[in-house]
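Worksheet: the structure to be examined is printed underneath.
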Amino acid sequence: MPYEVDLAFRVEEALADLPERGRQEVMEVIAGVLVRPDSWPAPGGWAGALAFGPRSWVAFTAHLDGIEVYDAGWAGPA
């Protein structure tokens, strides 16, 4: 089953401001979350979850058909 990813506007802005290396790492974390639906919080509720990369993180919530990433960050050099 293909899953969808919705990015909150603030996440889109954050990704646009990151250097290519940071943007790539955040997108890899999101991709890793997508392939592990067993790690998602219960869909449709208020529960959220965090996923981490070497220098990045994403905060997301689940829906029946995918996830919504509502925050993301990268702690690497500018």
Side-chain angles (χ1 to χ4, degrees):
M1 170 181 200
Y3 294 111
E4 294 185 16
V5 176
D6 292 325
L7 299 177
F9 182 71
R10 66 191 281 163
V11 174
E12 291 177 8
E13 286 184 329
L15 287 172
D17 291 341
L18 290 177
E20 180 60 32
R21 183 171 151 200
R23 191 170 29 257
Q24 179 69 31
E25 185 175 317
V26 169
M27 295 304 289
E28 288 174 2
V29 172
I30 293 170
V33 167
L34 275 178
V35 299
R36 297 213 43 234
D38 58 312
S39 70
W40 301 357
W46 290 95
L50 294 171
F52 297 92
R55 292 185 173 189
S56 62
W57 54 270
V58 297
F60 66 98
T61 190
H63 303 286
L64 290 176
D65 61 349
I67 62 170
E68 178 178 350
V69 179
Y70 58 85
D71 209 354
W74 186 62

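Criterion: ILVMFWY side-chain heavy atoms under 4.5 Å apart, direct or through other members. Under it, V11 and Y70 are not part of a common hydrophobic cluster.
Two residues are said to be in side-chain contact when any heavy atoms from C-beta on lie closer than 4.5 Å; I30 and L7 meet this criterion. Side-chain contact check for P41 versus F60: some heavy-atom pair is nearer than 4.5 Å.
Residue M27 holds its CE atom at 11.5 Å from OG of S56, rounded to the nearest 0.5 Å. Note that CG of L34 and CD of E4 are 10.5 Å apart. Values are rounded to the nearest 0.5 Å. Atom NE2 of residue H63 and atom CH2 of residue W40 lie 10.0 Å apart, to the nearest 0.5 angstrom.
For the residue pair V26 and G73, the shortest heavy atom distance occurs at CG2-O, 3.9 Å. The minimum heavy-atom distance between V33 and A51, with the atom names listed, is CG2-CB, 3.4 Å.
Between the side chain of E25 and the main chain of R55, a donor-acceptor pair closer than 3.5 Å is present. T61 contributes a side-chain N or O that, together with a main-chain N or O of A47, makes up a donor-acceptor pair within less than 3.5 Å.
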Full working for salt bridge (charged side-chain N to carboxylate O under 4.0 Å, His left out) between E20 and R23: CA-CA 5 Å; E20 180 60 32; R23 191 170 29 257; 3.1 Å; yes
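The hydrophobic cluster around W57 extends to L50, F52, counting ILVMFWY residues whose side-chain heavy atoms fall within less than 4.5 Å of a member.
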